[in-house]
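Just so we're on the same page: letters track the sequence lines, and every chain starts at 1.
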Number of protein chains: 2
Amino acid sequence: METTATVAPKGRPREFCTDRALAAALGVFWSKGYEGASMADLTEAMGITKPSLYAAFGNKEALFHKALDLYEAEKLEYTRDALNQPTARAVAEHFMRGAIDAQMSSCDPKGCLGVISMTACGAEAVSIKADVVQRRASSQAALVERFEQAKRDGDLPDHVDIPGLTGYLYAILQGMAVQAGSGATRADLERVVDTSLMMWPGR
Amino acid sequence: METTATVAPKGRPREFCTDRALAAALGVFWSKGYEGASMADLTEAMGITKPSLYAAFGNKEALFHKALDLYEAEKLEYTRDALNQPTARAVAEHFMRGAIDAQMSSCDPKGCLGVISMTACGAEAVSIKADVVQRRASSQAALVERFEQAKRDGDLPDHVDIPGLTGYLYAILQGMAVQAGSGATRADLERVVDTSLMMWPGR
DNA sequence: TGGTTTCCATAACGTCCGGTACATATTCCC
DNA sequence: GGGAATATGTACCGGACGTTATGGAAACCA
């Protein structure tokens with residue numbers, strides 16, 4: 001069939017790889033935030049000029065949404081693995097240890113792009129914030145479902161409040177992201193995770 | 001003695017109350033963040049003009065530091081009460097319930113000024129961030145001391161890792177602040193607190 | 001080769017930013 | 001009353017921002 005043709009587009013071919021450019025943009029947004037990342041920062045890191053950026057990605061906001069897609073697909077992959085862990089405790093542990101790896105990688109900015117975008121409160125960031133909040137809500141809903149399954153499995157005590165437990169786990173994850181972005185060491189975060197797991201209900 | 005004289009300063013008296021103006025500035029910083037708050041936003045909320053602001057407070061950054069002092073003195077008063085609670089559990093509960101009251105007040109912006117300042121990552125916010133990080137560190141050190149006392153009191157099990165526990169509690173508090181600033185309800189946060197307390201070690 | 005299409009690069013646009021000269025008021029001290 | 005000192009209002013500064021117009025370069029099809 002070949003509907004998505006590789007048949008050579010009409011005009012002059014672009015001289016840069018959009019995927020690489022997007023990855024570079026993600027790095028800038030991740031380290032500087034949406035409002036803190038200027039077009040000059042972005043174009044320099046992406047190795048392209050402003051008109052090329054606008055032609056390929058629309059504008060700054062559209063570029064951010066695409067960078068967020070990439071972030072979810074690549075850097076938040078561990079959250080999907082986490083949901084497939086056999087027990088609720090293993091789910092929580094996978095979430096927290098995965099968060100440490102993602103937020104303290106030596107080749108990526110520290111902290112979580114979602115958290116710094118949710119806490120950004122400038123005027124231009126309002127639609128950005130709404131997008132991130134919505135993505136977080138759907139991710140949290142998936143965790144609620146997983147914990148309900150765990151309760152049916154007898155894996156969580158009957159008395160636990162599922163929304164409370166998910167909000168609690170997300171609070172720890174978000175707090176870890178705040179700390180990761182403000183000077184905490186990997187060992188600091190590991191202590192937080194170990195303490196959390198020591199208190200986890202059941203087993 | 002009267003060393004701090006009220007003996008009428010030399011020139012023309014200022015026509016506004018600096019304390020009220022500072023409180024208004026705090027409200028702007030709290031809801032918009034340091035970088036998101038423009039001088040126009042500030043002067044409008046404070047009811048003064050830019051030269052008056054610069055004469056009275058120095059510049060935007062100095063104004064922010066003073067607003068942060070006010071924030072600590074007024075809105076974070078509950079943290080000092082918390083340290084005086086009789087048990088470690090009561091300390092933690094006072095911290096968390098006090099955080100809800102401070103971050104979900106109907107007459108103040110939602111969320112925590114410290115958290116939004118620590119997660120702000122623009123270029124101009126670097127010294128701001130350093131200030132907030134340092135304040136947080138000294139506050140956290142006080143909590144470590146309090147928990148060490150609790151352990152001596154037999155109020156916390158011997159096996160608990162004190163830095164881990166304080167980092168854990170702070171993570172929950174910071175996560176609650178993130179959620180408060182991104183649409184969570186008071187009931188949501190109360191569920192998080194109840195869940196946290198259900199897991200608190202001992203008793 | 002000519003026409004069309006798409007991309008690249010320079011340079012500019014209008015707007016907002018934090019910060020300031022300047023002239024004018026208003027108070028105190030003498 | 002006459003400086004000296006401080007506050008106020010207007011108007012402006014240089015610079016950074018996101019975005020775009022413009023002209024030329026490189027690919028395709030005819």
*Which part of the nucleic acid, if any, lies within contact of B:Pro13, taking any heavy atom under 4.0 Å across all strands shown: a base, the sugar-phosphate backbone alone, or nothing?*
sugar-phosphate
Applying a 4.0 Å non-hydrogen cut-off, can you work out what B:Ala37 is touching in the nucleic acid: base, sugar-phosphate, or nothing?
sugar-phosphate
In this structure, how many angstroms lie between the [atom2] atom of [N] and the [atom1] atom of [X], rounded?
X	N	atom1	atom2	result
B:Ile48	D:dA7	CD1	P	12 Å
B:Leu63	C:dG18	CG	C1'	13 Å
A:Tyr54	C:dC8	OH	C1'	16 Å
A:Ile128	D:dG18	CD1	P	12 Å
A:Met39	C:dT10	CE	C1'	16 Å
B:Glu35	D:dA16	CD	C1'	14 Å
A:Lys10	D:dC28	NZ	P	13 Å
A:Asp41	D:dC17	CG	C1'	11 Å

**Item:** Worked verdict on B:Gln174 versus A:Gln174 for side-chain hydrogen bond (donor to acceptor under 3.5 Å, both in side chains)
**Value:** CA-CA 7 Å; B:Gln174 289 156 350; A:Gln174 290 157 349; over 6 Å; no
The residue, B:Glu15 or B:Gly11, whose nearest nucleotide of DNA chain D is more 5′ is B:Gly11
Side-chain N or O of [X] closer than 4.0 Å to phosphate OP1/OP2 of [N]:
X	N	result
B:Lys60	C:dG18	yes
B:Arg14	D:dA7	yes
A:Ser52	C:dC7	no

Is the charged tip of A:Arg14 near the ring of A:Phe16: under 6.0 Å from the six-membered ring centre and within 45° of its axis? yes
**Asked** Do the numbers put B:Lys60 on top of the ring of B:Tyr34, so that NZ or CZ is under 6.0 Å from the six-membered ring centre and no more than 45° off the axis?
**Response** yes
Does B:Trp200 reach the side chain of B:Glu93, with side-chain heavy atoms less than 4.5 Å apart? no
Where the side chain of [X] is defined as all heavy atoms beyond and including C-beta, which of [options] is the nearest nucleotide?
X	options	result
B:Ser38	D:dC12, D:dA7, C:dC17	C:dC17
A:Ala40	C:dA25, D:dC17, D:dT20	D:dC17
B:Thr49	D:dA21, C:dC7, D:dT10	D:dT10

In terms of ring plane angle, is the pair B:Phe64 and B:Phe29 parallel, tilted or perpendicular, where the classes change at 30° and 60°? perpendicular
